[in-house]
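Okay, structure first, notes after.
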Amino acid sequence: MTDSVPTGEDWRGVATEDTDDLPPGAGIFLRDRSRRLLGELLRPHRRSLWWLLATVVAQNVAWLAGPLLIGVGIDVAVPALVDGDAGPLVWITLAMVGAAALDTGLRFLFLTGSGRVGQAVLLTLRRRVFTHVQVLPLSFHERYTSGRTISRLTSDVEALAELLDEGLDGLITALFSVLGIGIVLVVLDPPLGLTALLGFPALFWVARWFQRNSTAAYRRTRETIAALIVQFTETFGGIRAVQAFRREPRNDELYAALNEDNRQAHDRAFWLIAVFVPAVVLIGNLVTVAVLGYGALRVMDGALAVGTLVSFLLYLRRFFDPLQDIAMFYNSYQSATAALEKLSGVLEERPTVPEPTDPVPLPAAAGELVFDDVRFGYTGTTVLPGLQLTLPPGETVALVGTTGAGKSTLARLAARFYDPVEGEVRLDGVPLHRLSDADLRRAVVMVTQESFLFSGTVADNIAFGRPGADRAQIEDAARAIGAHAFITALPDGYDTEVDKRGGRLSAGQRQLVGFARAFLADPAVLILDEATSSLDVPSERLVQHALRTLLADRTALIIAHRLSTVEIADRVLVMEGGRIVEDGSPAELVAGTGRFAALHQAWADSLV
Amino acid sequence: MDDAAAPDDRGRLSALLRLWPYARPYRGLIAVTFGAALLATLAQLAVPLITAALVDGPIADGDRAALVPLLGLALLFGVAEAGLFFLRRWAMTRSCLAIERDLRGALYERLQRLPVSFHDRWPSGQLLSRASSDMSTVRRFVGFAAVFLAVNLITCVVVAVLLLVTYWPLGIAVLLTTVPLTVLGQRWERRYNVQSRRVQDEQGELATDVEEAVQGIRVVKSLGRRGLVFDRFDTKARRLRRLELDKVRTLALLWCVFELHPQVTLALILVGGAFAVSTGALTVGGLVAFVALFTVLLWPILSLGWLFAFAQETASACDRIGELLDEPLTVTDRPGVVPRPVGSPARLAFEGVGFRHPGPAGPVLAGVDLVVEPGETVALVGATGSGKTTLTSLVGRLHDVTEGRVTLDGVDVRDLPLAQLRGIVSVAFEEATLFSMSVRENVTLGRRDATAADVDEALRVAQAEFVHDLPWGLDTRIGEQGLSLSGGQRQRLALARAVLGRPSVLVLDDPLSALDVHTEALVERALREVLAGTTALVVAHRPSTVLLADRVALLDGGRIAALGTHSELLAGHPAYRDLLAQESDLAEVLP
Ligand SMILES: Nc1ncnc2c1ncn2[C@@H]1O[C@H](COP(=O)(O)OP(=O)(O)OP(=O)(O)O)[C@@H](O)[C@H]1O
Ligand SMILES: Nc1ncnc2c1ncn2[C@@H]1O[C@H](COP(=O)(O)OP(=O)(O)OP(=O)(O)O)[C@@H](O)[C@H]1O
Ligand SMILES: [Mg+2]
Ligand SMILES: [Mg+2]
């Protein structure tokens, strides 16, 4: 990617987000991409848009009729009334009121209609981005951070909303006036009309200048806003640590710097408008002076009537005023394009752990899990250098090993959070990447080391394991693992809100809820990654009792440091540096002289 | 938070006054903005006047020479208008961006200092949407709408006076027409305010959903619940659309009233004027002047509709921001606190401590009495959910006691400045909370002045030397929430952070839960040296952790049910034995 001709591939997805100075080609690529997205979003509404255009044109005609009618009124109806004939006055007044009513009615239709289209576009965009983000692999999320994703789905979408809210209306009206009046000008007096059109090259030049500079400026604002949101979410996600470690003053400084960056980025963009719009005004005024001078000369030469010059000048004003609106629209447009650039980048990210297009059906898994020569590492490292492992159906396997050995990594491969770099993970002989998401998730469920609860009630969170589960099933799941007692003791029992991240519950209680959730999911392969680490001994024992019955007919991989957990296993694996170094039944291993025997001895010594 | 604030009887626009303290520092710029806007309006009038002069003067006289100065004048005004335009935009940009920055900064600073209980209660998206969407609403209003609102109002008043001067009976008639406009307008403005509020709240809800879906992506993926999460999001997104459309309808109605009004009034002027002319009370020239004056008002009146609506929307955004700024700082320095000498290690005492969360739930702690002597380590043992974490959070005042007091060397922790207290007390939470910064920054979070030797020492104690093997060693940036590390690695880093600089009071909440037996033994050995010199409270679920302590306190029913050494409690307290004795079936099965 060094000095070769750049291709779109280099800037695909979110790759350009961290670069400030884009090579020229990349800018065009990004703009095209965002325009394409806008086009895709608007295309389904083509018919509505045409209707809206027709409405707004008709409405403008009605609006322009008012001043015209009053002119007629003064010239015709007033003299008639003075002569004692009220007829024309009545007609003109009725016509004025009629035009006003028509104008208002059409305006209402236009506003509500364009609101509907705008909101439909936003809804589609929100749905698309949200779905796509959910499909993207963990490796994307780890790189991109939640704050940036959140800013894409909130403030970037809102930038488009602004364009749709304010822009469309102004643009159509303004374009209509400029076009209409431009024609009137040329017809009214061709030489003067052409003089007026002299302003156009200058306008184009200014607009190009604005476009060139503002694209980068607005791109930058989207980034600074995202940076603010990232800092914001991270601070308040870890507020306990922030406060306990007196991080507030330092965070204030960091945030102030980002805030100032954001101000400067906006300042730059707004500075460009502050030059652009007055420049349009200036051009308009210069043209007016030119028309005035030239027109005056022509009047003196007798080539032009004074009245024509006066009305020409009046129209000229109406010609340049809407140009300001167009300039403002251009500004919203630039801002929205920058946002769409970012959004289309996220949409363009390829799911690197994709669902197969022609999945192998696996309606009921037996639960045989095979790691066939699996090699895996996160960016730049190798965690599992080569793993050969078979978990026969129905077997309960305990996995132990020092921290950082790669136990969770192995579990994540089994749950297909990542695909192996080499080799395959197979379920009942089918490689995981050939299974549909629905089949895979029904067959394999993992309780992660980090128990994450969603806001909602306790029951909601447990039901997350099986949507549509009824209350009895939820309670059974909770009862089976010994969580029923504490849940019923909560003020609203199962309907108690767990608050943000389950903060209403204690750490152990959160783990129990997470456990019940997986229990309810009832998979063929259950992976428990230190699912009981925060429980007290009696609760842990209850869970283990439950596991004995629960795991009887399913494959289980239990990762644990407390060797008490191991006792329910048929087989123990000891992992060291990404390799399985011991493999056997608990009894065999304890009797031997290997690591597990030593571990077990140490653990037994630590007991009372 | 959910339902919109009840509309009160004062003009709801008063919420905009909240902005004044933030706008004050920039009042010079704001004055320039208004001045430039008014002057530009005047400059616009110059061209018609010059045209008139041109027509009456040089053109009528055929005097080509006289053309030049007048054209020069027109040029001058034209350039001046553009210049004033620029000045207005520049000053406006400056001030509105600065106001936005200051307000957002103030909000962030305030939020950081609000108690943990506040943050547990408030959905994160609600905070975020206030700091981003509502902020930009405020910025757009201050930057664009406020000036036009003022200028248009002034224009309306000036023209109204001119109308009265031109022909007062018709002028009064025109003024009377504004009555229905005001009445209808006000009703819909208020409705718009309420609807804006609903939309803003829903945006917050949606942001919360997005945040949860992204941060909980592991759970969503492992259970395959993409569909469920999408449905939740979609329900809210559709509700947002519905609310937005309600808002659009009201705005459309408003807009229409303000669009209809000047046009119908114009028709009335024609009728009234025609009769006045026919009775000779008004000349045709007078009528033309009257009409011409009124047409100047067409655009200002029309735009007032949405300008007021925008003001309402901003008012409700200000309300939302204000709610956070008004939230009381319940955990804060008492007035007049000064740093007090506290020994190192200090004596930590809980005296009749009770704690209950606001709401219907009963107290978590009731009458806890416990003394940890200087240099002593006490293990805190209790069942899941018995209140151990709650008790430990009282020491560093993440929560404040609701009864009794916690003291350090006899001084109530609430009588110490927060900064001093949190410097004395160092904690490791049950869930390692790491940030996406370098390892070094994470470890020195609370003590930025720590030396390299201190850091190495802390890493050694926590057995976190693995960090040296990371690609950039201590400068490696760890992923969001530390999720690019293994569970045990995270926990050890959090432990290193807590023991850094040998704090005089150390609070460890189940600090070894994610470690394997070997590593745990190594950490324990190293930790003992640290514990010897500090007062420590260690929450423990396992016998091995309990053995770190000199004494053990059993927390049960919100009180300390038993206190003594491990062996004393094992012998004398069946409840304690149940909780810790881990008689292993495995040991029985095996030879
Ligand atoms: N998302 C990630 N990105 C990069 N590196 C990672 C990521 N997750 C884990 N690692 C690294 O991979 C190695 C193995 O981690 P893993 O989480 O599998 O360990 P583990 O055996 O589960 O340890 P523990 O018992 O502490 O949970 C560690 O060195 C860790 O730092
Ligand atoms: N915001 C809240 N409102 C009401 N009750 C709460 C709130 N937060 C926590 N609780 C309750 O307070 C009790 C004590 O919680 P705490 O986290 O202190 O328990 P713990 O002893 O640390 O448990 P664990 O061993 O599981 O960590 C729990 O029963 C919990 O449900
Ligand atoms: Mg792990
Ligand atoms: Mg706890």
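These values consider heavy atoms only, across backbone and side chains, with no hydrogens, waters or symmetry-generated copies. Per chain, numbering begins at 1; letters A, B, ... match sequence-line order.
Salt bridge B:Glu211/A:Lys500: absent, no basic N to carboxylate O contact under 4.0 Å. For the pair B:Glu100 and A:Arg263, the salt-bridge criterion is not met [side-chain N within less than 4.0 Å of a carboxylate O]. Salt bridge present: B:Asp120 and A:Arg240 bring a charged side-chain N and a carboxylate O closer than 4.0 Å. Ion pair A:Asp499/B:Arg121 not flagged as a salt bridge, since none of the NZ, NE, NH1 or NH2 atoms sits closer than 4.0 Å to an Asp/Glu carboxylate oxygen.
Taking OH of B:Tyr108 as the reference point, atom CG of A:Asp252 lies at 7.0 Å (rounded to 0.5 Å). Going from atom NE2 of B:His357 over to atom CZ of A:Arg504 covers 7.0 Å, rounded to the nearest 0.5 Å. Annotation: the span from B:His541 atom NE2 to A:Ser534 atom OG amounts to 6.0 Å, rounded to 0.5 Å. Separation of atoms OG1 (A:Thr288) and CG (B:Leu75) is listed at 10.5 Å; rounding is to 0.5 Å. Separation of atoms CD (A:Glu158) and OG (B:Ser133) is listed at 3.5 Å; rounding is to 0.5 Å. Rounding to the nearest 0.5 angstrom, the gap separating the CD1 atom in A:Ile273 from the CE atom in B:Met92 is 9.0 Å.
Both the backbone and the side chain of B:Ser436 come within contact range of chain A, each with at least one heavy atom under 4.5 Å from a heavy atom of that chain. Only the side chain of B:Val284 comes within contact range of chain A, with at least one heavy atom under 4.5 Å from a heavy atom of that chain. In this structure, no portion of B:Ser484 lies under 4.5 Å from any heavy atom of chain A. Using a 4.5 Å cut-off between heavy atoms, B:Phe435 touches chain A through backbone and side chain atoms alike. In this structure, chain A has a heavy atom under 4.5 Å from the side chain of B:Val291, while its backbone stays farther away. With a 4.5 Å cut-off on non-hydrogen atoms, B:Leu266 touches chain A through its backbone and its side chain both. Contacts between B:Leu206 and chain A at a heavy-atom distance below 4.5 Å involve the side chain alone, from C-beta outward. Heavy atoms closer than 4.5 Å to chain A are found in both the backbone and the side chain of B:Thr384. Proximity to chain A (any heavy atom under 4.5 Å) is shown, for B:Ala74, by both the backbone and the side chain.
Residues B:Arg542 and A:Ser533 share a closest heavy-atom pair of NH2-O, 3.4 Å. In this structure, A:Pro278 and B:Ala82 approach most closely via the heavy-atom pair CB-O, 3.5 Å. The heavy-atom pair separating A:Thr233 from B:Leu128 by the smallest distance is CG2-CD2, 4.5 Å. Between A:Arg501 and B:Ser124, the shortest heavy-atom contact is NH2-OG, 4.5 Å. Across B:Ala237 and A:Leu123, no two heavy atoms sit closer than the pair CB-CD1, 3.5 Å.
Side-chain contact check for A:Ser146 and B:Gln215: at least one donor-acceptor pair (N or O, by modelled atom type) lies under 3.5 Å. For the residue pair A:Thr154 / B:Gln203, no side-chain donor-acceptor distance below 3.5 Å is found, with atom types taken as modelled. Using modelled atom types, one finds no donor on one side chain facing an acceptor on the other under 3.5 Å when comparing A:Arg441 with B:Ser222. For the residue pair A:Thr145/B:Glu480, the side-chain donor-acceptor check at 3.5 Å is not satisfied.
If you tally non-hydrogen atom pairs under 4.5 Å between each of A:Leu490, A:Thr131, A:Val135, A:Val447 and chain B, the highest count goes to A:Val135. Between chain B and the options A:Ala256, A:Ala100, A:Gly503, A:Gly115, the largest number of non-hydrogen pairs under 4.5 Å is found for A:Ala100.
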- Task: Show your working on side-chain hydrogen bond (donor to acceptor under 3.5 Å, both in side chains) between A:Thr235 and B:Gln112 and close with a plain yes or no.
- Result: CA-CA 8 Å; A:Thr235 303; B:Gln112 277 206 97; 5.2 Å; no
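Cation-pi geometry between B:Arg497 and A:Phe245 is satisfied (NZ or CZ under 6.0 Å from the ring centre, within 45° of the ring normal).
Between A:Leu89 and B:Leu270, the closest side-chain pair of non-hydrogen atoms falls below 4.5 Å. Contact annotation: the side chain of A:Tyr255 never approaches that of B:Glu109 to less than 4.5 Å [non-hydrogen atoms, C-beta and beyond]. Side chains of A:Phe270 and B:Arg94 form no contact here, defined as non-hydrogen atoms less than 4.5 Å apart. B:Ile217 has its side chain within reach of A:Leu138: a pair of non-hydrogen atoms, C-beta onward, lies under 4.5 Å apart.
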